[in-house]
Amino acid sequence: MTRVRFAPSPTGNLHIGSVRTALFNWVFAKKSKGTLVLRIEDTDLERSKPEFEANILEGLHWLGLDFDEGPHVGGNYGPYRQSERIGLGVYQRVADEFLAKKLAYYAFETSEELDKERLDAEAKSLPYVYSRNSLKLTEAEVSEKLASGMPYVIRFRIPDGRGAVVTNDLIRGPVSFEADLLGDFVILKSDGTPTYNFAVVVDDIAMEITHVIRGEDHISNTPRQELLYEAIGAKAPEFAHLPIILGPDRSKLSKRHGAQSVSEYRDQGYLPDALVNYLSLLGWSPKDTRELLSKDELVAIFEIHQISKSGAIFDIEKLNWMNAHYIRPLSPFVLLDLVRPFLNDKQKAVFESKYTQETQLTILELVKDSLTVLPDINREVSIFTDSYDEYLEQYNGLEPGHLPMEVIRKFRDWVTQISAEIYEIDIDAVIDEILVETKLGKGKVMRPIRMACTGRASGPLLSRVLSLLGRDCLLERLKRF
RNA sequence: GGCCCCAUCGUCUAGCGGUUAGGACACCAGAUUUUCAUUCUGGCGGCCGGAGUUCGAUUCUCCGUGGGGCUACCA
């Protein structure tokens with residue numbers, strides 16, 4: 001039975017890079033009909049915050065990435081928060097066992113002393129490896145220090161002469177590290193909580209994780225974890241390290257590259273399916289050339305070996321294209337709900353009071369092809385919500401040249417003699433008439449009318465726009481010509 | 001500095017010894033559209049460098065170069 005996990009630490013909002021890791025774990029789980037576990041790695045008590053955990057949960061839910069086990073859904077392999085496992089004494093127990101077997105030892109250096117060690121090594125341009133000074137202590141000395149209440153950590157002892165630690169990465173093939181260069185790393189901090197490498201291994205064993213799919217930034221942790229598995233006597237899971245997501249400057253995607261959390265993308269009006277689809281193509285590609293893929297299709301054709309090894313730059317342009325692609329086939333009815341939260345107050349007030357829901361839907365149908373992200377709706381809908389002053393502003397912003405007044409007058413005269421509602425087909429008919437009478441080209445007739453009536457040089461289908469605007473609005477605007 | 005990973009159009013990528021090096025985004029041009037957008041067609045544009053292996057290297061090996069990651073009692 002395949003069991004995979006996504007293990008974010010709640011020290012920030014759900015990051016776009018984490019999402020991709022979550023996505024590949026999700027797809028892999030579905031593909032192999034296995035179980036997907038969410039584990040919150042909140043052992044950094046300082047930086048972990050409940051609101052970040054909430055943001056992560058929210059984001060995953062919004063994206064439609066559902067988990068089989070986790071703090072929010074339960075499961076038989078809990079607790080699903082590392083902090084809660086600490087209380088159970090699990091890590092302490094394993095560490096004590098290591099201590100008893102001399103696989104680990106107490107260390108008493110202060111962080112200042114360790115900083116000095118590092119600085120010295122750097123000054124001599126030597127690779128830094130922990131000095132093992134505490135390993136040289138006699139048992140009596142250790143007992144004495146412990147008895148005196150001196151703060152201590154527990155360090156894992158890298159086995160002497162262990163040689164190369166080789167991980168057979170599912171994506172990269174064999175990756176090898178010299179054990180001697182690893183240094184005896186801390187497994188239990190002075191406050192009794194486990195460090196990342198230790199907690200991960202203990203948890204993954206406890207949760208019977210079979211495949212660890214995570215970011216490439218964890219690749220150098222892998223040999224330490226392999227060693228811990230050996231020490232515990234457990235079989236290590238398969239590892240797969242995904243290429244990292246880069247900013248436009250080729251460095252790891254971070255704050256300075258702009259939006260990086262899922263909630264920001266949501267707030268900017270990206271659709272979850274578009275985001276998922278785009279992310280799925282960042283570092284992975286199907287065997288054929290299809291690119292627009294639903295989550296189900298993704299699961300159907302996903303192949304972990306098709307994941308590429310090199311880092312991928314996050315390309316907002318392609319995401320934009322994809323988002324527009326996902327907006328286009330939506331029904332106006334669905335779109336209305338999606339778009340409503342993005343209407344600004346003024347636009348919303350006018351739009352909803354001026355037009356019936358049916359008309360609102362007609363307008364959405366008319367403009368939806370022009371949307372890249374949801375907030376674009378404000379720009380599109382403004383054609384229909386402009387007040388007279390706003391219309392004038394729009395108009396003055398243009399360089400209309402001289403409008404053929406003959407066309408405008410003819411059109412205005414026609415509108416003037418209409419007594420009731422204006423219909424699209426009638427508008428088309430008048431325009432045809434004007435075309436014949438003036439012997440001008442379509443562009444020469446329709447463009448001026450559009451400009452005179454909407455203040456804009458372009459927009460959706462003219463006759464439909466004008467009929468939606470209505471007789472009174474058109475008259476008010478046309479009477480100044 | 002050390003360790004590790006990576007390297008095909010500007011970007012995301014296909015390629016797994018012999019291909020006119022394929023697709024997508026972006027860009028440019030044309031067609032359609034009253035305009036914009038959509039859509040369609042076409043175009044521009046790429047194997048980091050050097051050795052080696054081979055009849056033949058984008059592909060395999062080595063060395064450079066370049067980029068990235070890690071280098072905590074963070075995860």
Side-chain angles (χ1 to χ4, degrees), chain A residues 7-12 41-44 46-48 82 107 109-111 114-115 118 121-129 151-155 169 171-172 175-178 181-183 185-197 199-200 214-223 241 243-244 246 248-252 278 281-292 306 308-322 324-325 328 367-372 380 428 431 435 441-451 456-463:
Chain A
S9 64
T11 54
E41 308 218 326
D42 56 350
T43 47
D44 185 345
E46 307 271 300
R47 298 194 300 145
S48 296
Q82 277 182 341
E109 286 81 4
T110 63
S111 44
L114 292 172
D115 287 345
R118 267 187 286 275
E122 200 181 319
K124 293 177 199 157
S125 65
L126 290 170
Y128 173 68
V129 190
Y152 65 87
V153 299
I154 297 178
R155 283 182 184 268
D169 192 281
I171 296 169
R172 285 151 218 283
V175 179
S176 167
F177 292 84
E178 266 324 300
L181 264 21
L182 260 22
F185 56 94
V186 174
I187 56 174
L188 226 52
K189 303 181 224 173
S190 53
D191 64 0
T193 62
T195 58
Y196 167 72
N197 281 305
V200 165
R214 68 211 328 185
E216 186 187 348
D217 43 343
H218 285 292
I219 210 164
S220 50
N221 286 318
T222 312
H241 289 96
I244 55 168
L246 275 18
D249 63 352
R250 297 213 138 273
S251 69
K252 194 174 171 182
Y278 175 69
L281 259 23
L282 222 47
W284 173 83
S285 61
K287 286 210 176 74
D288 54 37
T289 59
R290 274 186 296 168
E291 300 220 323
L292 274 339
Q306 287 288 118
S308 66
K309 299 177 207 165
S310 49
I313 294 177
F314 188 87
D315 180 14
I316 193 77
E317 291 298 330
K318 188 152 182 177
L319 208 212
N320 285 338
W321 165 79
M322 201 165 265
H325 227 282
R328 222 160 15 92
V367 304
K368 70 175 180 180
D369 285 357
S370 311
L371 305 179
T372 297
E380 297 303 322
D428 286 328
I431 289 177
L435 242 24
K442 281 186 168 185
K444 286 269 192 299
V445 169
M446 301 179 96
R447 223 173 128 82
I449 293 176
R450 181 189 293 279
M451 286 203 274
R456 290 165 172 78
S458 66
L461 196 66
L462 183 60
S463 51

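In this text, all values refer to a predicted model and were calculated from it rather than measured experimentally. We use all heavy atoms of the structure for the numbers below, so side chains are in, but hydrogens, waters and symmetry mates are not. Letters A, B, ... are given to chains in the order of the sequence lines, protein chains preceding strands, and every chain is numbered from 1.
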Short side-chain N/O contact from A:Lys189 to OP1 or OP2 of B:C74, under 4.0 Å: yes
Could you check whether A:Glu317 gets within reach of a base, just the sugar-phosphate, or nothing at all, counting any heavy atom under 4.0 Å? sugar-phosphate
Can you tell me the distance, in whole Å, between the NZ atom of A:Lys318 and the P atom of B:C27? 14 Å
A:Arg47 backbone acceptor or donor facing A:Thr11 side chain under 3.5 Å: no
Give A:Val175 one of three labels, base, sugar-phosphate or nothing, depending on what nucleic acid heavy atoms sit under 4.0 Å from its own. sugar-phosphate
May I ask you to say what A:Ser463 touches in the nucleic acid, namely base, sugar-phosphate or nothing, with a heavy-atom cut-off under 4.0 Å? nothing
Which part of the nucleic acid, if any, lies within contact of A:Glu109, taking any heavy atom under 4.0 Å across all strands shown: a base, the sugar-phosphate backbone alone, or nothing? base
The side chain of A:Leu246 is closest to which nucleotide in this list: B:A75, B:C4, B:G68? B:G68
Rounded distance in Å between the C1' positions of B:C9 and B:U58: 13 Å
Distance check, P atoms only: B:G43 and B:G22, in whole angstrom units. 11 Å
Using a cut-off of 4.0 Å on non-hydrogen atoms, how would the nucleic acid contact of A:Pro286 be classed: base, sugar-phosphate, or nothing? nothing
Rounded C1' spacing from B:U8 to B:C4 in Å: 23 Å
Heavy atoms under 4.0 Å, any strand shown: does A:Gly459 hit a base, just sugar-phosphate, or nothing? base
With a non-hydrogen cut-off below 4.0 angstrom, is A:His218 in contact with a base, only sugar-phosphate, or nothing? base
For A:Thr43, report the nucleic acid contact type (base, sugar-phosphate, nothing); a contact means any heavy atom under 4.0 Å. sugar-phosphate
If you go through the side-chain atoms of A:Arg172, does one of them form a donor-acceptor pair with the base of B:C5 closer than 3.5 Å? no
Take A:Thr193 and A:Asp191, measure what side chain to side chain donor-acceptor pair (under 3.5 Å) needs, and give me the verdict at the end. CA-CA 6 Å; A:Thr193 62; A:Asp191 64 0; 2.6 Å; yes
Determine the Euclidean distance between corresponding C1' atoms of B:C47 and B:A21; express it in Å to zero decimal places. 8 Å
Quick check against the 3.5 Å criterion: does A:Tyr278 have a side-chain atom that pairs as donor or acceptor with the backbone of A:Asp315? yes
Return the value, rounded to whole Å, for the distance between atom NZ of A:Lys309 and atom P of B:U8. 12 Å
Classify A:Arg118 by what it touches in the nucleic acid, base, sugar-phosphate, or nothing, heavy-atom distance under 4.0 Å. sugar-phosphate
What does A:Leu281 touch in the nucleic acid at a heavy-atom separation under 4.0 angstrom: a base, only the sugar-phosphate, or nothing? sugar-phosphate
When all nucleic acid strands are considered with a 4.0 Å heavy-atom cut-off, which category describes A:Asn221: base, sugar-phosphate, or nothing? base
When all nucleic acid strands are considered with a 4.0 Å heavy-atom cut-off, which category describes A:Lys287: base, sugar-phosphate, or nothing? nothing
Checking N1-N3 plus N6-O4 or O6-N4 for Watson-Crick, or N1-O2 and O6-N3 for wobble, each under 3.5 Å, the partner of B:C28 is B:G42
Of all heavy-atom pairs linking A:Ser48 and A:Glu41, the shortest is OG-O, 4.5 Å
Any-strand Watson-Crick or G-U partner of B:U53, both distances under 3.5 Å: none
Given A:His241, which of A:Arg214, A:Lys309, A:Glu216 fulfils the side-chain hydrogen bond (donor to acceptor under 3.5 Å, both in side chains) condition? A:Arg214
Apply the test salt bridge (charged side-chain N to carboxylate O under 4.0 Å, His left out) to residues A:Arg290 and A:Asp288: give CA-CA distance (whole Å), side-chain angles for both, the deciding distance (0.1 Å), then the verdict. CA-CA 6 Å; A:Arg290 274 186 296 168; A:Asp288 54 37; 3.1 Å; yes
Distance flag, aromatic centroids of A:Tyr196 and A:His218, threshold under 6.0 Å: yes
Counting any heavy atom closer than 4.0 Å, what does A:Arg250 reach on the DNA or RNA strands: base, sugar-phosphate only, or nothing? sugar-phosphate
Would you kindly give the CG-to-C1' distance between A:Leu182 and B:A72, to the nearest whole Å? 14 Å
Picking from B:U35, B:G69, B:C73, the nucleotide nearest the side-chain atoms of A:Arg447 would be B:U35
On a whole-Å scale, what distance lies between the P atoms belonging to B:G18 and B:U61? 16 Å
Identify whether any heavy atom of A:Leu188 sits under 4.0 Å from a base atom; if not, whether one sits that close to sugar-phosphate; answer base, sugar-phosphate or nothing. nothing
Determine the interatomic distance between C1' on B:A57 and the same-named atom on B:G45; round to the nearest Å. 23 Å
I'd like the P distance from B:G64 over to B:C73, given in whole Å. 32 Å
Determine the Euclidean distance between corresponding C1' atoms of B:U41 and B:U32; express it in Å to zero decimal places. 11 Å
